[in-house]
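None of the values given here were measured: they were computed from a predicted structure.
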4 protein chains.
Amino acid sequence: MTQPTDKRSAILQATLELISENGFHGTPTSMIAERAGVGVGTIYRYFKDKEELIHALYEEMEGKQKIYVLEGYSEEMPFRERFVHLCRNVYRYLMANRLEFCFLEQYFDSPYGVTKMKQKLESASEPFHSLVESGKKQQVIKDIPLILLYSLIFGPIINSIKDHNSGLLELNETLIEQVIGAMWDAIKR
Amino acid sequence: MTQPTDKRSAILQATLELISENGFHGTPTSMIAERAGVGVGTIYRYFKDKEELIHALYEEMEGKQKIYVLEGYSEEMPFRERFVHLCRNVYRYLMANRLEFCFLEQYFDSPYGVTKMKQKLESASEPFHSLVESGKKQQVIKDIPLILLYSLIFGPIINSIKDHNSGLLELNETLIEQVIGAMWDAIKR
Amino acid sequence: MTQPTDKRSAILQATLELISENGFHGTPTSMIAERAGVGVGTIYRYFKDKEELIHALYEEMEGKQKIYVLEGYSEEMPFRERFVHLCRNVYRYLMANRLEFCFLEQYFDSPYGVTKMKQKLESASEPFHSLVESGKKQQVIKDIPLILLYSLIFGPIINSIKDHNSGLLELNETLIEQVIGAMWDAIKR
Amino acid sequence: MTQPTDKRSAILQATLELISENGFHGTPTSMIAERAGVGVGTIYRYFKDKEELIHALYEEMEGKQKIYVLEGYSEEMPFRERFVHLCRNVYRYLMANRLEFCFLEQYFDSPYGVTKMKQKLESASEPFHSLVESGKKQQVIKDIPLILLYSLIFGPIINSIKDHNSGLLELNETLIEQVIGAMWDAIKR
DNA sequence: AATGAATGAGCTTTCATTCAT
DNA sequence: CATGAATGAAAGCTCATTCAT
């Protein structure tokens with residue numbers, strides 16, 4: 001008993017896989033259709049455009065993330081612990097969902113890609129937002145513009161995962177803890 | 001009396017400009033030829049491929065950098081000052097050469113792009129290499145794998161410049177000093 | 001209690017409307033189905049083809065016309081009056097049924113369209129046929145082949161209505177009388 | 001020694017032939033390229049669009065016509081003779097250039113086609129314009145709006161040629177003279 | 001009988017690459 | 001050496017038609 005969503009999600013999944021493998025411009029709609037096991041025309045029943053398909057794929061990810069990032073998180077914990085907890089979850093999420101990570105890198109040709117990725121993480125991370133802002137007020141965290149603090153956090157995270165994915169480095173729990181510790185040193189007063 | 005190199009570098013310059021404006025896939029060879037003031041066919045006298053042209057452009061950039069990054073640098077200075085000095089130079093270089101920065105972002109659709117960009121900076125930065133390694137030995141810098149330290153340094157630098165270029169942020173000397181200070185806190189013991 | 005014919009005529013009506021608005025090639029079957037309030041598949045229950053649908057629509061129109069054209073007409077009237085009466089009715093009919101007129105213009109991209117339109121009017125107009133033939137016999141009407149006389153009559157009528165529909169001209173009773181008068185001068189001895 | 005215009009005119013000629021055979025929508029660019037003996041891409045070197053190609057073809061015709069229509073014409077001749085002369089030339093032109101006639105019928109899906117065709121004839125026929133206007137002033141021609149007079153003239157001409165082309169009628173000099181005579185009767189006082 | 005999701009052939013258009021001049 | 005007209009493979013997208021429900 002196939003559900004109505006079947007084809008739609010097959011298309012989204014195929015797109016995710018292929019774009020993370022070959023990039024946006026290396027992924028023709030015909031290839032997506034083939035991988036998804038549907039006809040080309042079918043793509044256009046569910047998405048107006050190739051572009052809309054990409055956006056839809058992106059939106060699809062938003063939800064999953066917050067859940068992941070917030071898992072086990074509580075605003076009651078001390079600052080450092082809150083920070084470490086959120087960062088760990090971000091690492092867990094991005095490493096467990098390698099395809100999504102690669103896709104996000106490609107999202108929109110890349111110039112926007114990484115910027116959007118950060119926005120995404122930010123938006124997914126109101127927890128980060130409130131953590132950092134209240135940390136600044138309580139003089140636990142440096143008085144640096146929010147967006148720069150994000151660069152200090154997500155820059156290293158994303159870069160290290162890229163290195164991990166490209167095999168230059170094998171991230172394990174110890175190393176992740178070290179990076180997170182260093183990032184805390186970077187932002188704390 | 002135009003030299004044969006003239007055309008070659010005109011092509012490279014045109015490519016740099018156009019790719020940083022429109023991205024790799026938004027830049028047809030015909031457009032490059034036009035901007036460079038040469039015939040389309042001429043591109044293929046100097047480069048086998050569009051791909052090879054891109055690679056050549058990339059290679060072309062190495063070298064210029066080291067000079068920039070090392071300007072006014074001396075191994076005699078204290079650790080922190082050496083670090084700050086190198087970082088300042090990197091910022092200066094990347095912000096003064098916006099086209100090159102944009103190009104590197106696009107370099108091969110990005111999955112490799114940013115990683116390569118980091119490699120590039122690393123290779124341009126044996127100074128960083130020796131600084132960090134000797135800093136580790138003298139227990140001034142945290143005992144973290146080199147590549148992760150690079151993520152802690154170049155991740156934030158690249159990210160903040162992206163934000164700057166995209167208008168999300170206006171980097172000035174004060175802000176740059178703040179970021180560099182934070183990065184030092186991240187890597188120092 | 002909807003009858004089976006309901007759907008068939010809903011489809012025909014939708015087709016008439018849409019083709020006169022957007023032309024044959026601007027009217028996908030899906031659009032017809034939507035306007036008709038039926039499923040796309042349903043169209044193919046009643047018509048083998050899109051083409052057959054068009055033809056059927058065309059055929060459907062025959063018949064309605066004769067009634068219109070013959071209204072108030074009598075063979076007892078004098079020649080000129082009979083001619084004027086028929087022409088007036090043709091004008092009335094074509095102007096009152098703008099959709100049908102537009103459809104006929106489009107009917108098969110036009111090369112056949114207008115010719116068929118004339119045939120249609122002719123066939124609908126045995127009254128014209130007998131009027132003209134007996135007029136020729138009685139030397140009231142010029143001795144010109146029937147088909148050319150039709151060109152002299154329907155050519156101006158169709159053209160002037162096109163101009164009217166496209167807004168180049170606003171036909172009113174006076175103008176119509178003038179045209180009919182001129183056409184009578186053209187064909188009378 | 002092939003001239004630079006070669007391919008351009010081959011494409012225009014192929015387009016003329018194919019559209020008059022199959023209509024605008026029945027003529028894919030690939031078919032045009034094949035008939036013209038060029039690659040598909042070549043079409044787009046000379047014309048931005050399929051649409052622009054059509055327009056270019058249309059423009060191409062303008063010039064030829066005036067020459068044809070005005071041949072042997074002089075404003076010194078008496079009214080009736082001037083009218084007959086122009087009409088004869090129009091017939092000659094449209095019958096000698098059957099492809100162009102068919103093309104014009106199709107020009108833009110047809111609803112505009114015939115209207116544009118008339119505009120074209122009108123514009124090509126400032127001679128008609130001045131003939132008719134001065135005829136009206138001198139009370140030789142009926143006081144009917146210009147556009148209606150055009151319908152009385154071009155309506156029958158176009159219709160009769162269509163019948164001729166479709167084989168319903170064989171136009172010869174005698175018949176043409178009869179039609180022209182009748183049209184004169186229609187418009188003269 | 002009625003449906004509409006699924007299909008894929010076919011359309012227009014772009015662009016990296018070649019090659020005769 | 002340099003050129004740019006010519007090319008055609010390949011892209012994104014549409015839509016008449018089918019068929020399982």
Side-chain angles (χ1 to χ4, degrees), chain A residues 1-2 4 6-8 10-11 25-34 36-53, chain B residues 2 4 6-8 11 25-34 36-53, chain C residues 2-4 6-8 11 25-34 36-53, chain D residues 1-2 4 6-8 11 25-34 36-53:
Chain A
M1 189 189 53
T2 50
D6 250 2
K7 305 242 170 191
R8 199 188 125 97
I11 291 165
H25 293 288
T27 307
T29 48
S30 57
M31 201 185 279
I32 294 173
E34 197 180 23
V38 304
V40 232
T42 306
I43 293 172
Y44 293 87
R45 285 201 65 68
Y46 293 100
F47 309 95
K48 199 195 105 227
D49 252 351
K50 197 187 178 186
E51 200 170 318
E52 202 170 284
L53 165 59
Chain B
T2 49
D6 259 1
K7 306 232 175 200
R8 199 187 123 98
I11 291 166
H25 293 288
T27 306
T29 48
S30 57
M31 202 185 277
I32 294 172
E34 196 183 25
V38 304
V40 236
T42 307
I43 292 172
Y44 291 84
R45 298 226 137 270
Y46 293 100
F47 308 96
K48 198 197 106 220
D49 249 352
K50 196 187 180 187
E51 200 170 321
E52 202 170 281
L53 164 60
Chain C
T2 51
Q3 288 162 5
D6 258 2
K7 308 234 173 198
R8 198 186 126 97
I11 292 166
H25 293 287
T27 307
T29 48
S30 57
M31 201 184 280
I32 294 172
E34 195 182 25
V38 304
V40 235
T42 307
I43 292 173
Y44 291 84
R45 298 227 137 269
Y46 292 101
F47 309 96
K48 197 195 106 222
D49 250 354
K50 196 187 181 189
E51 201 170 320
E52 201 169 283
L53 164 61
Chain D
M1 188 188 53
T2 50
D6 252 359
K7 305 242 171 193
R8 199 187 125 97
I11 291 166
H25 293 288
T27 306
T29 49
S30 57
M31 201 185 279
I32 294 172
E34 196 181 24
V38 304
V40 234
T42 306
I43 293 172
Y44 292 86
R45 285 202 65 68
Y46 293 99
F47 309 97
K48 198 194 105 226
D49 252 350
K50 196 186 178 187
E51 200 170 321
E52 200 169 284
L53 164 60

Rounded off to whole Å, could you give me the [atom1]-to-[atom2] distance for the [X] and [N] pair?
X	N	atom1	atom2	answer
R8(B)	dC1(F)	CZ	C1'	16 Å
D6(A)	dA6(E)	CG	C1'	13 Å
I11(D)	dA5(F)	CD1	P	13 Å
E34(C)	dG4(E)	CD	P	11 Å

For DNA chain E, which ranges pair as stems of 3 or more consecutive Watson-Crick or G-U pairs, with both donor-acceptor distances under 3.5 Å?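 Stem list for DNA chain E: E:2-21 with F:2-21.
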The single option from I43(D), V40(D), V38(D) passing side chain to side chain contact (heavy atoms under 4.5 Å, CB included) against I32(D):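 The option that passes is I43(D).
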Using a 4.0 Å cut-off on protein heavy atoms (strictly under), produce a 5'-to-3' string for nucleotides 13-21 of chain F with B for base contact, S for backbone-only sugar-phosphate contact, and - for none. BB-BBB---
If you assign G39(D) and M31(A) each to the DNA chain F nucleotide with the nearest heavy atom, which residue ends up on the more 5' nucleotide?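 Looking at the nearest nucleotide for each, G39(D) comes out on the 5' side.
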Could you walk me through whether T29(B) and L53(B) pass side-chain contact (heavy atoms from CB on, under 4.5 Å), step by step? CA-CA 10 Å; T29(B) 48; L53(B) 164 60; 5.8 Å; no
OP1 or OP2 of dA5(E) under 4.0 Å from side-chain N/O of Y46(A):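 Negative; the distance criterion is not met.
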Using every non-hydrogen atom in the two residues, find where [X] and [Y] come nearest and quote the distance to one decimal.
X	Y	value
P28(D)	G26(D)	CD-O, 3.4 Å
T42(B)	K7(B)	CG2-CD, 4.3 Å
F47(C)	R8(C)	CE2-NH1, 3.5 Å
A36(A)	A10(A)	CB-O, 3.6 Å

Got a second to check how far K50(A)'s NZ is from Y44(A)'s OH, nearest 0.5 Å?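 So the gap between those two atoms works out to 8.0 Å.
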Which residues pass the side chain to side chain contact (heavy atoms under 4.5 Å, CB included) test with E34(D), not counting sequence neighbours?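 E34(D) satisfies side chain to side chain contact (heavy atoms under 4.5 Å, CB included) with no other residue.
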